[in-house]
Amino acid sequence: MSLRLYNTLTRRVDSFEPLEPGRVSLYTCGPTVYNYAHIGNFRTFLFEDLLRRWLQTSGYDVFHIMNLTDVDDRTIAAAREKGVSLRNHVDPFARAFEEDRDWLRILPAHEQPRATEYIAAMIRLIGNLLEKGVAYRGEDGSVYFSIAQFPLYGRLSRLDRRELRAGASERVSSDEYAKEDARDFVLWKAAKPEDEAVGAAWDAPFGRGRPGWHIECSAMALELIRKRVGSDVLDIHAGGVDLIFPHHEDEIAQSCAYTGREHFARYWLHGEFLNIRGEKMSKRFGNITTARDLREDGVDPGAVRLLIFQTHYRQRLDLTDEGLAAAQRASSRLGEFQKRLTDSRSGSDSPRLSEAAERLRRDLTEALDDDLNAPRAVAAMFTFMNEGHAALDGGERSGPIALSAWELAEDVLGVTSRGTVINVPTGAAASVAPETGATYGETPPPGSNEELEKAWALHWAVQRKQAKGVRDYAEADRIRTLLRDAGWEVRDGKDGSIEVVRVRRAS
RNA sequence: GGCGCCGUAGCCAAGUGGUAAGGCAGAGGUCUGCAAAACCUCCAUUAGUCGGUUCGAUUCCGACCGGCGCCUCCA
């Protein structure tokens, strides 16, 4: 069985067949860089990363586009508030996004177009829609897409016959009066003084203004796939569930009206939301957690990936401190095992290990082919780990079959982590007294950085080793305790090796 | 009002019309100067409730109870 994916368009799990065999064009909606991307955004990007990696692992030549929205109401408002240009406001957040993305081991897209770099393409697209009569200029000077000209509208969200919610009539905003139909959406917003103030306005044949929300995705996706794969239909378009309506619905309308094709994308995939302790993340609740928050808390990226992949992408996920702690622990165990497996490498696999490896490969493939069932894929890794440990305990060795199967799984999922580990030198008692002659206290140096803290931990690990050497076990245990209080665990190996492992961040 | 989702062990979470993966936590044991790691053993006869279909349902259908999402710029 090959890859099957849940397609929002059909509301079914469909078997995946790209337009052109062996090649996949993938467009994913990226972040709006008005602020740091939060962990909910990253849940979606992580699901898309899994999709991308699994497609590649399955042998597809993937062309992946992820946009960066650098002009919209929020970016403009934020720039104004700070009194800087749109560009100056947005650039640092674009860089921060890339840092966070890399930290979470998310592969960068092959193309990462920014909306402001594709204004010309948007203008061409909108101009074409105006010529075709599916778009019109409103009284306010903005350009709108006419739903009435596009009979297929509502195909994706199935909200075509929706009515305004009872009691919601007061929501009609001022620009509603400029539209012919309340459901029409804006393609080009006439420039306002606030836009001009931050450099968010461009000239166009149909008036000076800025892009509407949806137009960038259509313009950039079509431009790039036309250039790169010579097509005007995407194989897959993915994003968060909240984008189904209106964003993706509107993208389909404007794109298909423009290309005349039946589809803008043949497969539409949507990832569910992540909540924080049962609540949706929002400024109002003050519960926005960013990737950098987690990093500063000492959480490993592998743990974040594990936590997210332990729930299916179409299932809502609640982020809690307990869940994070459990994932951190499990991810570390996987990392420890990976090291052990690699260290015990030898020429060939024991039968037990090669059998377990084949099972891992098979279970992983079955799970991910089945609409990216990451929880099952991860479970296969744990099963292999348990089997592997037992085999290794029994004196067996790992070989290429076990290692390659494990690497396959870890390459796709990226859920292992190995925190800070200090190897205490073997042999005669090493002196680690710092050159500066400073003496170490029994608690880590205040305000110390990573290097200083490691030096401190190593110092005490050596003291403990010396105490052990003279059988002063009371002192050895006392040092074990003080290290543990600072978040370091001492592990004595059977072969006399000693490791000091960071088990938690000293607070 | 419209469209839709969820309810599985202390917590998180999968599969499946034939008697419940995996993770975290927990219990006992092996190993260890002590520990940690690892290993061995144990940890839901039970799936929100009540009905129905079926030889058989957690899995299908219905009702109810309880949580929740979307319905114009939020991943």
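Protein chains get the first letters and strands the later ones, always in sequence-line order, with residue 1 at the start of each. These numbers come from the heavy atoms of this one structure, side chains and all, not from hydrogens, waters or symmetry mates.
Side-chain to base pairing of A:Asp492 with B:C34: one donor and one acceptor N or O lie within less than 3.5 Å of each other. The base of B:G69 is not paired with the side chain of A:Asp242 by any donor and acceptor separated by under 3.5 Å. For B:C74, its base never sits under 3.5 Å from the side chain of A:Arg74 at any donor and acceptor pair. Between the side chain of A:Arg464 and the base of B:G33, at least one donor-acceptor pair of N or O atoms lies under 3.5 Å.
Ion pair A:Asp73/A:Lys189 flagged as a salt bridge, since at least one NZ, NE, NH1 or NH2 atom sits closer than 4.0 Å to an Asp/Glu carboxylate oxygen. Between A:Asp370 and A:Arg376, at least one side-chain N (NZ, or NE/NH1/NH2) sits under 4.0 Å from a carboxylate O, which counts as a salt bridge. Between A:Asp300 and A:Arg418 there is no salt bridge, since none of the side-chain N atoms of the basic residue sits less than 4.0 Å from a carboxylate O of the acidic one. Of the charged side-chain nitrogens involved, none lies within less than 4.0 Å of a carboxylate oxygen, so that A:Glu475 and A:Arg464 do not count as a salt-bridged pair.
For A:Ala330, the listed nucleotide lying nearest its side chain is B:C24; candidates were B:A35, B:C24, B:A75. Nearest to the side chain of A:Pro375, among B:C24, B:C5, B:A21, sits B:A21. With distances taken from any side-chain atom of A:Arg491 to the nucleotides B:A37, B:C73, B:G23, the minimum falls on B:A37. Minimum atom distance to the side chain of A:Lys280 is reached by B:C70, of the listed B:C39, B:A21, B:C70. With B:A75, B:A13, B:A25 as the candidates, the nucleotide lying closest to the side chain of A:Arg329 is B:A25.
Taking the C1' atom of each, B:G52 and B:G15 are spaced 25 Å apart, rounded to whole Å. The P atoms of B:G62 and B:G26 are separated by 43 Å, rounded to the nearest whole Å. With P as the reference atom, B:C40 and B:C34 are 22 Å apart, rounded to whole Å. With both ends at atom C1', the span from B:A44 to B:G7 equals 16 Å, rounded to whole Å. Using P as the reference atom, B:C24 and B:C39 are 10 Å apart when rounded to the nearest Å. Taking atom C1' in both B:U53 and B:G69, the straight-line distance is 31 Å, to the nearest Å. Separation of the C1' atoms belonging to B:G18 and B:A36 is 44 Å when rounded to the nearest angstrom. When the C1' atom is compared between B:C43 and B:G4, the two are found 37 Å apart, to the nearest whole Å.
Within the 4.0 Å cut-off from OP1 or OP2 of B:C39, at least one side-chain nitrogen or oxygen of A:His389 is found. Distances shown here put a side-chain N or O of A:Arg333 below 4.0 Å from the OP1 or OP2 atom of B:A38.
If you take CD1 of A:Ile244 and C1' of B:C5, they are 11 Å apart, rounded to a whole angstrom. Rounded to an integer number of Å, the gap from CZ of A:Arg480 to C1' of B:A36 is 6 Å. A:Gln315 places its CD atom 20 Å from the P atom of B:G22, with the value rounded to the nearest Å. Atom CG of A:Asn275 and atom C1' of B:G69 are 9 Å apart (whole Å). Atom P of nucleotide B:A75 and atom CG of A:Leu104 are separated by 17 Å, given to the nearest angstrom. Taking atom NE2 of residue A:His237 and atom P of nucleotide B:A75, one finds them 13 Å apart after rounding to whole Å. If you measure from atom CZ of A:Arg314 to atom P of B:A14, you get 11 Å, rounded to the nearest angstrom. Regarding A:Glu489, its CD atom lies at a distance of 5 Å from the C1' atom of B:A36, rounded to whole Å.
Remark: A:Glu499 CD is packed, more than 12 non-hydrogen atoms of other residues, nucleotides or ligands lying under 6.0 Å away.
Residue A:Gly239 is classed as a sugar-phosphate contact, given heavy-atom separations below 4.0 Å to backbone atoms only. Using a 4.0 Å heavy-atom criterion, one finds that A:Leu274 contacts the bases of the nucleic acid, with or without backbone contacts as well. Across all strands, A:His214 comes closer than 4.0 Å to no nucleic acid atom at all (heavy-atom distances). Residue-level contact check: A:Ala326 touches the backbone only, with heavy atoms under 4.0 Å from sugar-phosphate atoms and none from bases.
Both geometric conditions, a ring-centre gap below 5.5 Å and a plane tilt below 30°, are fulfilled for A:Phe273 over the base of B:A75. Stacking between A:Phe382 and the base of B:G22 is absent under the criterion of ring centres within 5.5 Å and planes under 30 degrees.
Residue A:Asp318 is the one, among A:His38 and A:Asp318, whose nearest nucleotide of RNA chain B lies closer to the 5' end (criterion: closest heavy atom). The residue among A:Ala379 and A:Asp72 whose nearest nucleotide of RNA chain B lies closer to the 5′ end is A:Ala379.
Base pairing of B:U8 is not made with any nucleotide, judged by Watson-Crick or G-U wobble geometry with both donor-acceptor distances under 3.5 Å. With a cut-off of 3.5 Å on both pairing distances, the Watson-Crick or G-U wobble partner of B:C50 is B:G62. A 3.5 Å limit on both hydrogen-bonding distances identifies no Watson-Crick or G-U partner for B:A44. Nucleotide B:C70 has B:G2 as its partner under the Watson-Crick or G-U criteria, with both atom distances under 3.5 Å. The nucleotide B:C39 finds its pairing partner in B:G29, both defining distances of the Watson-Crick or G-U wobble pair being shorter than 3.5 Å. B:G15 makes up no base pair with any nucleotide shown, lacking Watson-Crick or G-U wobble contacts both under 3.5 Å.
For the pair A:His237 and A:Cys29, the minimum side-chain heavy-atom distance is below 4.5 Å.
Ring centers of A:His248 and A:His270: under 6.0 Å apart, within the cut-off. For A:Tyr267 and A:Tyr6, the distance between ring centers is not under 6.0 angstrom.
Of the residues A:Trp188, A:Tyr153, A:Phe185, A:Trp213, the one that meets the ring pair (Phe, Tyr, Trp, His ring centres under 6.0 Å) test with A:Phe145 is A:Phe185.
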